[in-house]
There are 2 protein chains.
Amino acid sequence: MNEYREIGSVCIALHLRRAARHVGRIYDEALRPAGINNGQFSLMAMLAAKDDWTMQELADSLGLDQSSLSAAVKPLMRRDLIVQEAGTDDARVRRLRLTPAGRRLLDRARPLWRTAQRRAEELLEDHQPDAVRSALRALG
Amino acid sequence: MNEYREIGSVCIALHLRRAARHVGRIYDEALRPAGINNGQFSLMAMLAAKDDWTMQELADSLGLDQSSLSAAVKPLMRRDLIVQEAGTDDARVRRLRLTPAGRRLLDRARPLWRTAQRRAEELLEDHQPDAVRSALRALG
DNA sequence: ACGATGATTATTGATATCAATATATCTCGG
DNA sequence: CCGAGATATATTGATATCAATAATCATCGT
């Protein structure tokens, strides 16, 4: 018997990344008319939910490496959807904000997100979406 | 009330990608002594489990875009861990095989994978790993 | 005030990922 | 056999992701 047949069926990293790729494509496709992808939508939705994030706080909330966030904000800043402003008290920190244009784009994107969200929940019909979210929170 | 607070707590794409990033880092760290990352381990384990994959078959099994696999095999070929050979009957298909060096590296990596796998299962202790895998299969 | 240590963000170099497109090859009707 | 459409893989250009490192700035002890 082949020792490696098992791995494809039990490896948590493989299952997670495969699912993340597929679901990410669902959201990306739904969001395409708004001109952003699912990662950019998540980032901007965080900014809309709570102002005054530092880079590190936001990176932690997204489960991202600090340097990955540093790269991810660049395309959004180039399009003037978000801005980074220097902290007043501590000159090292950078605070992120949505611009008015970013907020408008996000509002246009929200119904598209909801469509994708519905489709993803349908895939989880027989698997208790809340239990799955809870498990994913434990992993992330 | 802010319409966007909800999104961070219910978005399936965000939960999945956050978990996938974190878990991926666990496996990457464990596999580092072998010189491969979790995606490369998955790819090579598939080749060890069953020979004679075409590119498209393997891409489907990994839930990857065909063009992503095309890019992913390059670093492994450069290191002579896998080879691509032209199909005999159909000149379009390329078949992938582990080289002996690839097989040796994979055998060295397997106990490292098992360590990471144990750590990931521990995170899922209270969440029935088999149920989670089943849900992830439904998503991917 | 100085210097060491720590904290925050950015940069670099590598791989990963996709959509769109290109290229090569096959198949099948005529 | 030829050409049209289909299929398999590769390339391109953009963003995503990390580890390692660099660059700034803060803090604290002396």
Side-chain angles (χ1 to χ4, degrees), chain A residues 13-14 16-33 35-43 53-60 62-79 81 84-96 140, chain B residues 13-14 16-33 35-43 53-60 62-79 81 84-96 140:
Chain A
L14 176 53
L16 267 177
R17 299 191 57 180
R18 189 160 38 197
R21 287 190 283 248
H22 186 230
V23 172
R25 277 192 290 262
I26 292 176
Y27 286 73
D28 283 347
E29 185 181 353
L31 290 168
R32 190 155 318 138
I36 55 176
N37 62 29
N38 78 84
Q40 296 171 328
F41 179 83
S42 294
L43 196 163
W53 295 88
T54 70
M55 294 288 285
Q56 189 59 61
E57 283 168 354
L58 185 53
D60 289 344
L62 294 169
L64 268 178
D65 194 274
Q66 160 270 317
S67 67
S68 302
L69 178 60
S70 205
V73 298
K74 284 185 192 303
L76 297 175
M77 290 198 299
R78 234 181 289 132
R79 295 168 60 187
L81 300 173
Q84 223 182 12
E85 38 197 29
T88 50
D89 45 335
D90 186 333
R92 293 171 299 180
V93 313
R94 300 276 187 280
R95 292 210 163 68
L96 292 172
Chain B
L14 177 53
L16 266 176
R17 298 192 57 179
R18 189 161 35 197
R21 288 190 282 248
H22 186 230
V23 171
R25 277 192 290 262
I26 292 177
Y27 285 73
D28 284 347
E29 184 182 353
L31 289 168
R32 191 155 318 139
I36 55 177
N37 62 29
N38 78 85
Q40 297 171 326
F41 179 83
S42 295
L43 196 163
W53 294 88
T54 70
M55 293 288 284
Q56 189 59 60
E57 283 168 353
L58 185 53
D60 290 343
L62 294 169
L64 266 178
D65 194 274
Q66 160 269 317
S67 67
S68 303
L69 178 59
S70 206
V73 298
K74 284 184 192 305
L76 297 175
M77 289 198 299
R78 233 181 290 131
R79 295 167 61 186
L81 300 174
Q84 223 182 13
E85 38 197 29
T88 49
D89 45 335
D90 187 335
R92 292 171 301 178
V93 312
R94 301 275 188 279
R95 292 210 163 69
L96 292 171

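Both backbone and side-chain heavy atoms feed into the values below; hydrogens, waters and symmetry mates do not. Just so it is clear: chains get the letters A, B, ... in the order the sequence lines come, proteins before strands, and each one is counted from 1.
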**Study point:** Nearest heavy atoms of Gln40(A) and Pro75(A), plus distance in Å
**Key:** NE2-CB, 4.3 Å
Review point. Pro75(A) has a side chain; which of dT11(D), dT15(D), dA16(C) sits nearest to it?
Key: dT15(D)
Point to revise | Interatomic distance, Leu58(A) CG vs dT8(C) C1' [rounded to whole Å] | key: 14 Å
Review point. Mapping Arg79(B) and Arg94(A) onto DNA chain C by nearest heavy atom, which one lands closer to the 5' end?
Key: Arg94(A)
**Study point:** 5′-ward residue of the pair Arg78(B)/Asp89(B) relative to DNA chain C
**Key:** Arg78(B)
Review point. What's the CG-P distance between Leu96(B) and dA8(D), to the nearest Å?
Key: 15 Å
Review point. Heavy-atom distance under 4.5 Å between the side chains of Leu69(A) and Leu43(A), does that happen here?
Key: yes
Check your understanding: At under 4.0 Å between heavy atoms, what does Gln84(A) touch on the DNA or RNA strands: base, sugar-phosphate, or nothing?
Key -> sugar-phosphate
Practice item. Name the nucleic acid region contacted by Arg95(B), choosing base, sugar-phosphate or nothing; use a 4.0 angstrom heavy-atom cut-off, strictly under. Key: nothing
Practice item. Measure the distance from CG on Leu31(B) to P on dA14(C) and round it to the nearest whole Å. Key: 21 Å
Point to revise | Val93(A) side-chain proximity, nearest of dA26(D), dT8(C), dT15(C) | key: dT8(C)
Practice item. Check the pair Arg21(B) / Asp65(A) against side chain to side chain contact (heavy atoms under 4.5 Å, CB included), numbers first and verdict last. Key: CA-CA 9 Å; Arg21(B) 288 190 282 248; Asp65(A) 194 274; over 6 Å; no
Practice item. State, to 0.1 Å, how close Ile36(A) and Leu31(A) come at their nearest heavy-atom pair, and which atoms those are. Key: O-CB, 3.3 Å
Exercise for review: Answer yes or no: is there a side-chain heavy-atom contact under 4.5 Å between Leu14(B) and Asn38(A)?
Suggested key: no
Review point. Quick one: which of dC26(C), dT15(D), dT9(C) gets closest to the side chain of Thr54(A)?
Key: dT9(C)
Point to revise | Spacing between Trp53(B) atom CH2 and dT9(D) atom C1', to the nearest angstrom | key: 17 Å
Atom pairs, protein N/O to nucleotides 17-20 of chain C N/O, distance under 3.5 Å:
unit_1: dT17(C); atom_1: OP1; unit_2: Arg17(A); atom_2: NH2; d: 2.5
unit_1: dT17(C); atom_1: OP1; unit_2: Arg21(A); atom_2: NH1; d: 2.6
unit_1: dT17(C); atom_1: OP2; unit_2: Arg21(A); atom_2: NH1; d: 3.4
unit_1: dC18(C); atom_1: OP1; unit_2: Arg25(A); atom_2: NH1; d: 2.2
unit_1: dC18(C); atom_1: OP2; unit_2: Asp65(B); atom_2: N; d: 3.0
unit_1: dC18(C); atom_1: OP2; unit_2: Ser68(B); atom_2: OG; d: 2.6
unit_1: dA19(C); atom_1: OP2; unit_2: Asp65(B); atom_2: OD2; d: 3.3
unit_1: dA19(C); atom_1: N6; unit_2: Ser67(B); atom_2: OG; d: 3.2

Check your understanding: When you check the phosphate oxygens OP1 and OP2 of dA16(C), does a side-chain N or O of Asn37(B) lie under 4.0 Å from one of them?
Key -> yes
Study note, to complete from the structure: Leu62(B) CG to dA16(C) C1', in whole Å, measures 12 Å
Check your understanding: Do the side chains of Leu96(B) and Met55(B) get nearer than 4.5 Å, heavy atoms only?
Key -> yes
**Study point:** Distance-only donor-acceptor test, Arg92(B) side-chain atoms vs dT25(C) base atoms, 3.5 Å
**Key:** yes
